[in-house]
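Keep in mind it's a predicted model, so treat the numbers as computed, not measured. Below, read A as the first sequence line, B as the second, and so on, with proteins coming before strands; counting in each chain starts at 1.
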Amino acid sequence: MLELSYIRDNKETVLKGLRKRNFNEEGLEIVSKVLELDDRRKEIQSQLDQYLNEANILAKQIGDLMKTGKQDEAQALKADVAAVKDKSKLLEEEIKQVKDNLEEKLLTIPNIPHESVPAGKSSDDNFVYKDWTNSFPQLWPGAQPHWELAEKYNLFDLALGAKISGSGFPLYRGKGARLQRALIAFFLDNAVKEGYEECQPPLLVNEATARGTGQLPDKEGQMYYAEKDDLYLIPTAEVPLTNIYRDVIVAEKELPMLLTGYTPCFRREAGSYGAHVKGLNRVHQFDKVEIVRFEHPDNSYNSLLIMLEHVESLLQALELPYRILRLCGGDMGFTSALTYDFEVYSAAQQRWLEVSSVSNFETFQTNRMKMRFKDENGKNRFAHTLNGSALALPRIVASLLENHQTENGIRIPEKLVPYTGFEWIN
RNA sequence: GGUGAGAUGGGUGAGUGGCUUAAACCAACAGUUUGCUAAACUGUCGUGCGGGUGACCGUACCGCGGGUUCGAAUCCCGCUCUCACCGCCA
């Protein structure tokens, strides 16, 4: 959620930012609308405070009169209080309406893209920030896509997963299951080495938590929901990890705070079926190691670059061809100010697969969550949040299997061997 | 699932209708003292909103939501959560 004071002081910047997100002139009216509502809110607040002040003074007088035995005079004042109360009641109702309306509108405004974010309609307009300049792995004619390799080497079984749960719930087994565990441990170890604190959060979260990071009300349909208990299955560890600091004010020197966690992630992905979702390309349940940072606003963009390097180092260790995209305004998530996507090349499918999304949310999430730090002047300010996948497993596995396949089996990258305990899948 | 107790500021915890934004203690921060550390002493030490250049002023907030009252942390109702014990259970 954008800060109202920010919208007020930077209206032109906000409008420019929303245009980058392809808001038309009609859509942009929301900005003026919000400011008008806020003006009205302030107006009512002033008047209301005045009435309440009057009532408080009268109540005190009544108390004093009662104590000194002047019952009659006290009774007379009670009528005055009642009159003031009537007026304040009306204003209270009105201000509640205005506030609700304001909040509702504010929640529909996405984050303002960073000035460096290119305009654009869709993923076609994303800017290649760092391209893969080496040659791609050359596969021989008999090379197979990962779903065929999985069958050949008994690594995972989608049909079996479908029997047990439904489509999109892979069942890993044998060396496939071991590979999952190895990747998770490898990613976690690397995050911890970078200074992130390892966490194991709950996988089901309540409404306030889902709201804090912006999954609600924006992406309600994307989450699985356990109705009986009013809990949501997390679509990413970002949700529970970031909410650790909901409604918390920390000392400035505590920043930055770095958290990492492995969790399964659950996504309904309603409506996405077809050729692109074959194999592990898109599933309802997958494993991911997430990194989350709470940063001082002055440092957040620098830290974003540090996160990029971290994710890059993982992909290099796994010896996978990758590229980094800078998302355009039209393709960026609702809550993000700047997002880099990482894609690995799937040699057998001959296309890029997204494996990580690293974003700076600035104060968009912390404003919703009321997560602040006390600055050197004793003022409470919203911290910046950042997060990124480091990494999401399924497409890494897909790419790993496809790119490292040989006629004699699939080679495990050297850095991963200590985790898998085997050098070859064959 | 059953029974009981509870929810107050960063923490412990006092506070049963007006003198309470809320005692006291601890932690934290600043200063004095000191060769250094420690101790001692002094001071500061909640959040949102509105107003003001500002010191400040007003207002709301004692788990959440209602209610009673001129006036509620305090009384009433509903909800949520926590803790303890029992049952079930990895």
Quiz prompt | Whole angstrom value for the distance that separates P of G46(B) from NZ of Lys379(A) | solution = 17 Å
Quiz prompt | Interatomic distance where CG belongs to Asp247(A) and P belongs to G10(B) [whole Å] | solution = 11 Å
Quiz item: Are the aromatic rings of Phe294(A) and Tyr245(A) close, with centres under 6.0 Å apart?
Solution: yes
Quiz item: With a 4.0 Å cut-off on heavy atoms, is Asn380(A) in touch with a base, just the backbone sugar-phosphate, or nothing at all?
Solution: sugar-phosphate
Quiz item: Considering only the P atoms, how many Å lie between C19(B) and G31(B), rounded to the nearest integer?
Solution: 37 Å
Quiz item: Are Arg267(A) and His284(A) side-chain neighbours, meaning at least one heavy-atom pair lies under 4.5 Å?
Solution: no
Quiz item: Please give, in whole Å, the distance from U47(B) P to Met371(A) CE?
Solution: 14 Å
Practice problem: Counting Watson-Crick and G-U wobble pairs only, both distances under 3.5 Å, name the nucleotide matched with U33(B), or none. | Solution: none
Quiz item: Distance-only, no hydrogens or angles: does the Gln405(A) side chain make a donor-acceptor pair with backbone N or O of Glu402(A) under 3.5 Å?
Solution: yes
Quiz item: Atom CZ of Arg8(A) to atom P of C49(B): distance rounded to whole Å?
Solution: 13 Å
Quiz item: Paired with U47(B): which nucleotide, if any, by Watson-Crick or G-U wobble criteria at under 3.5 Å for both distances?
Solution: A60(B)
Quiz item: Rounding to a whole Å, what distance do you find between Asp39(A):CG and C49(B):C1'?
Solution: 15 Å
Self-check item: Inter-nucleotide P distance (G15(B), C86(B)), Å rounded
Solution: 31 Å
Quiz item: Does U69(B) pair with anything, Watson-Crick or G-U wobble, both distances under 3.5 Å, and if so, with which nucleotide?
Solution: none
Quiz item: Is there a side-chain contact between Leu400(A) and Leu179(A) (heavy atoms, below 4.5 Å)?
Solution: yes
Quiz item: Between Ser389(A) and Ser357(A), is there a donor-acceptor pair closer than 3.5 Å when you use the side chain of the first and the backbone of the second?
Solution: yes
Quiz item: Applying the side-chain hydrogen bond (donor to acceptor under 3.5 Å, both in side chains) test to His296(A), which of Glu252(A), His384(A), Lys253(A) qualifies?
Solution: Glu252(A)
Quiz item: Who is the Watson-Crick or G-U wobble partner of A7(B), with both distances under 3.5 Å?
Solution: U80(B)
Quiz prompt | Euclidean distance, atom CD1 of residue Ile249(A) to atom P of G11(B) [Å, nearest integer] | solution = 12 Å
Exercise. Return the value, rounded to whole Å, for the distance between atom CD of Gln47(A) and atom C1' of G51(B).
Key: 13 Å
Quiz item: What interatomic distance, in whole Å, is found between P of C64(B) and the corresponding atom of U80(B)?
Solution: 15 Å
Quiz item: In the strands shown, is A14(B) matched to any nucleotide by a Watson-Crick or G-U wobble pair with both distances under 3.5 Å, and which?
Solution: none
Exercise. Using the salt bridge (charged side-chain N to carboxylate O under 4.0 Å, His left out) rule, take Arg40(A) and Glu94(A) through it: C-alpha gap first, then chi angles, then the decisive distance, then the call.
Key: CA-CA 10 Å; Arg40(A) 180 67 190 138; Glu94(A) 192 181 348; 2.6 Å; yes
Exercise. Tell which nucleotide pairs with C89(B), taking only Watson-Crick or G-U wobble pairs whose two distances are both under 3.5 angstrom.
Key: none
Quiz item: Yes or no on ring pair (Phe, Tyr, Trp, His ring centres under 6.0 Å) for Phe187(A) and Tyr262(A), after CA distance, side-chain angles and deciding distance?
Solution: CA-CA 9 Å; Phe187(A) 292 148; Tyr262(A) 150 70; over 10 Å; no
Self-check item: Separation between the C1' atoms of A30(B) and A23(B), rounded to whole Å
Solution: 24 Å
Exercise. State whether Lys253(A) places a side-chain N or O below 4.0 Å from either non-bridging phosphate oxygen (OP1 or OP2) of C29(B).
Key: yes
Quiz item: What integer number of Å spans the C1' atoms of A22(B) and G46(B)?
Solution: 11 Å
Quiz item: On a whole-Å scale, what distance lies between the P atoms belonging to U47(B) and G9(B)?
Solution: 13 Å
Quiz prompt | Protein proximity profile, nucleotides 57-81 of chain B - base contact B, sugar-phosphate-only contact S, no contact -, cut-off 4.0 Å on heavy atoms | solution = -BSS---------BS----------
Quiz item: Over how many whole Å does the gap from Ile44(A) atom CD1 to G50(B) atom P extend?
Solution: 12 Å
Quiz item: If the C1' atom of U33(B) is compared with that of A38(B), how far apart are they to the nearest Å?
Solution: 13 Å
Quiz item: Would you say Arg372(A) reaches U47(B)'s phosphate, i.e. side-chain N/O to OP1/OP2 under 4.0 Å?
Solution: no
Exercise. Dump the intermediate steps for salt bridge (charged side-chain N to carboxylate O under 4.0 Å, His left out) on Lys89(A) and Glu92(A), then the final yes or no.
Key: CA-CA 5 Å; Lys89(A) 274 250 164 62; Glu92(A) 263 168 18; over 6 Å; no
